Participant: 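Here you go, one structure.
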Protein chains: 2
Amino acid sequence: MKIGELAAIVGSDVDTIRYYEKIGILPKPARTQGNYRHYSVQHVDRLKFVRHCRSLDMTLDEIRVLLQFRDAPESNCGEVNHLLDEHIGHVTARIATLMELEKELHKLRRQCRKAQKAKDCGILAAIGHGETHQGSKNVKRHIAGTH
Amino acid sequence: MKIGELAAIVGSDVDTIRYYEKIGILPKPARTQGNYRHYSVQHVDRLKFVRHCRSLDMTLDEIRVLLQFRDAPESNCGEVNHLLDEHIGHVTARIATLMELEKELHKLRRQCRKAQKAKDCGILAAIGHGETHQGSKNVKRHIAGTH
DNA sequence: TAGAACCTTGGAGCCACTCCAGAGTCAAGC
DNA sequence: GCTTGACTCTGGAGTGGCTCCAAGGTTCTA
């Protein structure tokens, strides 16, 4: 099948597929006479695996590790379990951080009840002299921001 | 004060300060004879404001809007309130997504109890034929991933 | 045979920094 | 006065995971 068909089946984007090939997540497929990429069922499975991992918010580096194990059926999967545990830890931590943030934001929001002059706005004032929130300050996060 | 001092006071990085200047978040400061940036208390306040907003996970574009209101004390702050409400909405939504993800990951984790051969690993198997998680599939997120 | 729909490559852009090289400036100590 | 070391300057590249684009080539349909 051609790249567009693969993309449609997996629910991915052709650009993403080419990107995965470029960085070695997907192997280089065969080419047709007209130089089109030609994919097989194996490619579908692998891409589905990758996209599922991505939907679980794993990085491509983490996925690379999982693919190694997938490609080596006789190897010991202990590291897979470990990787997943770590990932769960990151997600849990990120949830905690965001919930603190949410609390903080609600508190901030209560500083201004109605639309008024900016100079009287409690929100702008609070941001102005407020402390930088400890939890997020200078923290190199594994789990990214809210945007 | 020089850039390093400003950075130390605010708890920021000199590179970040120069970056903010470049993209217009901070105004260009005066220069000393030796071409060093020279900052005043106003710069400290403004940078603190910006860093506080960033610690609340706002984008620089959102911060740009807030700065506009900060710079126009007579303007109506309704949009500030609105911006904050929207931001809170994003955070809340992201928390919900991550909690679903966490559940999904725990479920996946239970598929493999002990280190064994990769070909027998329930996790690898589950990722392989599992459905891509709806919630995260093809969703252009305002609130970013876990990394 | 024309045109649409697909495919190719290479490169730029996104966000919010972060790091680096190579050069310049400045204060302290000898 | 000279050296040393800490600081600063600029411009540019790199991060992750795509996404979009231009300019051209291929294939399918009417």
Side-chain angles (χ1 to χ4, degrees), chain A residues 1-26 28-39 47 50-65 67 87 90 136-147, chain B residues 1-26 28-39 47 50-64 67 87 90 94 136-147:
Chain A
M1 72 189 64
K2 286 187 285 181
I3 196 167
E5 204 179 339
L6 174 59
I9 287 175
V10 178
S12 170
D13 188 299
V14 295
D15 275 331
T16 304
I17 296 171
R18 282 192 282 250
Y19 172 68
Y20 286 167
E21 179 186 328
K22 191 171 134 197
I23 63 168
I25 288 279
L26 295 182
K28 296 196 179 198
R31 296 288 182 137
T32 65
Q33 268 199 326
N35 198 32
Y36 284 12
R37 287 172 179 80
H38 181 69
Y39 294 99
L47 182 55
V50 172
R51 293 310 295 170
H52 191 172
C53 289
R54 285 292 299 133
S55 83
L56 295 172
D57 247 333
M58 296 176 188
T59 64
L60 291 175
D61 275 348
E62 286 172 331
I63 295 169
R64 241 183 263 272
V65 173
L67 283 172
H87 185 57
H90 296 321
S136 315
K137 188 181 167 188
N138 290 336
V139 173
K140 189 91 168 197
R141 284 187 295 248
H142 176 69
I143 300 204
T146 49
H147 297 279
Chain B
M1 72 189 66
K2 287 188 284 181
I3 197 167
E5 205 179 338
L6 174 60
I9 288 175
V10 179
S12 169
D13 188 300
V14 295
D15 275 331
T16 302
I17 295 171
R18 283 193 280 250
Y19 172 68
Y20 286 166
E21 179 186 330
K22 193 170 132 197
I23 63 167
I25 288 280
L26 295 181
K28 296 194 178 195
R31 296 286 183 139
T32 65
Q33 269 199 325
N35 199 32
Y36 284 12
R37 287 172 180 80
H38 180 69
Y39 294 99
L47 182 55
V50 172
R51 293 310 295 170
H52 191 171
C53 288
R54 285 291 301 133
S55 83
L56 296 172
D57 247 334
M58 295 177 190
T59 64
L60 292 176
D61 274 347
E62 286 172 332
I63 295 169
R64 242 182 262 271
L67 284 171
H87 186 56
H90 296 320
R94 184 62 186 146
S136 315
K137 187 181 168 187
N138 291 336
V139 174
K140 189 92 168 197
R141 285 186 295 248
H142 176 69
I143 300 204
T146 48
H147 297 278

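Model, not experiment: these values are computed from the prediction. In what follows, every chain begins at residue 1, and chains take the letters A, B, ... in the order their sequences are listed.
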Participant: The criterion is side-chain hydrogen bond (donor to acceptor under 3.5 Å, both in side chains); which residues satisfy it with A:Tyr20, sequence neighbours excluded?
Facilitator: A:Arg51
Participant: Tell me which of B:Leu60 and B:Gln33 sits closer to the 5' end of DNA chain C, going by the nucleotide each one is nearest to.
Facilitator: B:Leu60
Participant: Considering heavy-atom distances to DNA chain D, does A:Thr32 or A:Asp13 have its closest nucleotide positioned more toward the 5' end?
Facilitator: A:Asp13
Participant: Check the phosphate of D:dG16 against A:Thr59, side-chain N and O only, distance under 4.0 Å to OP1 or OP2. Yes or no?
Facilitator: no
Participant: Does D:dG17 have OP1 or OP2 sitting under 4.0 Å from an N or O in the side chain of A:Arg51?
Facilitator: no
Participant: For C:dC17, does OP1 or OP2 lie under 4.0 Å from any side-chain N or O of B:Tyr20?
Facilitator: yes
Participant: Would you please name every residue forming a ring-ring contact (aromatic ring centres under 6.0 Å, His included) with A:Tyr39, sequence neighbours left out?
Facilitator: A:His43
Participant: Grab the CD1-P distance between B:Ile23 and C:dC14 for me, whole Å please.
Facilitator: 12 Å
Participant: CZ of A:Arg64 versus C1' of D:dG17: gap in Å, rounded?
Facilitator: 11 Å
Participant: Sequence neighbours left out, what passes salt bridge (Lys or Arg N to Asp or Glu O under 4.0 Å) with A:Glu21? Give chain and number order.
Facilitator: A:Arg37
Participant: Kindly write out the residues that satisfy salt bridge (Lys or Arg N to Asp or Glu O under 4.0 Å) with A:Asp15, not counting sequence neighbours, or none if the list is empty.
Facilitator: A:Arg18
Participant: Give the rounded distance in Å between these two atoms: NZ of B:Lys22 and C1' of C:dC19.
Facilitator: 13 Å
Participant: Hey, what are the protein-to-nucleotides 3-9 of chain D N/O distances that come in under 3.5 Å?
Facilitator:
| unit_1 | atom_1 | unit_2 | atom_2 | d |
| --- | --- | --- | --- | --- |
| D:dC7 | O2 | B:Tyr36 | OH | 3.3 |
| D:dT8 | OP1 | B:Gly4 | N | 2.6 |
| D:dC9 | OP1 | B:Arg37 | N | 2.7 |
| D:dC9 | OP1 | B:Arg37 | NH1 | 3.0 |
| D:dC9 | OP2 | B:Arg18 | NH1 | 2.6 |
| D:dC9 | OP2 | B:Arg37 | NH1 | 3.2 |
| D:dC9 | O5' | B:Arg37 | NH1 | 3.4 |
| D:dC9 | O3' | B:Arg31 | NH1 | 3.3 |

Participant: Can you measure A:Asp15 atom CG to C:dG13 atom P for me and round it to whole angstrom units?
Facilitator: 16 Å
Participant: Side-chain contact test, heavy atoms from C-beta onward, threshold under 4.5 Å: evaluate it for A:His87 versus A:Thr59 and give yes or no.
Facilitator: no
Participant: Using five base pairs at each end to define the local axes, how bent is the helix from C:dT1-D:dA30 to C:dC30-D:dG1, to the nearest 10°?
Facilitator: 20°
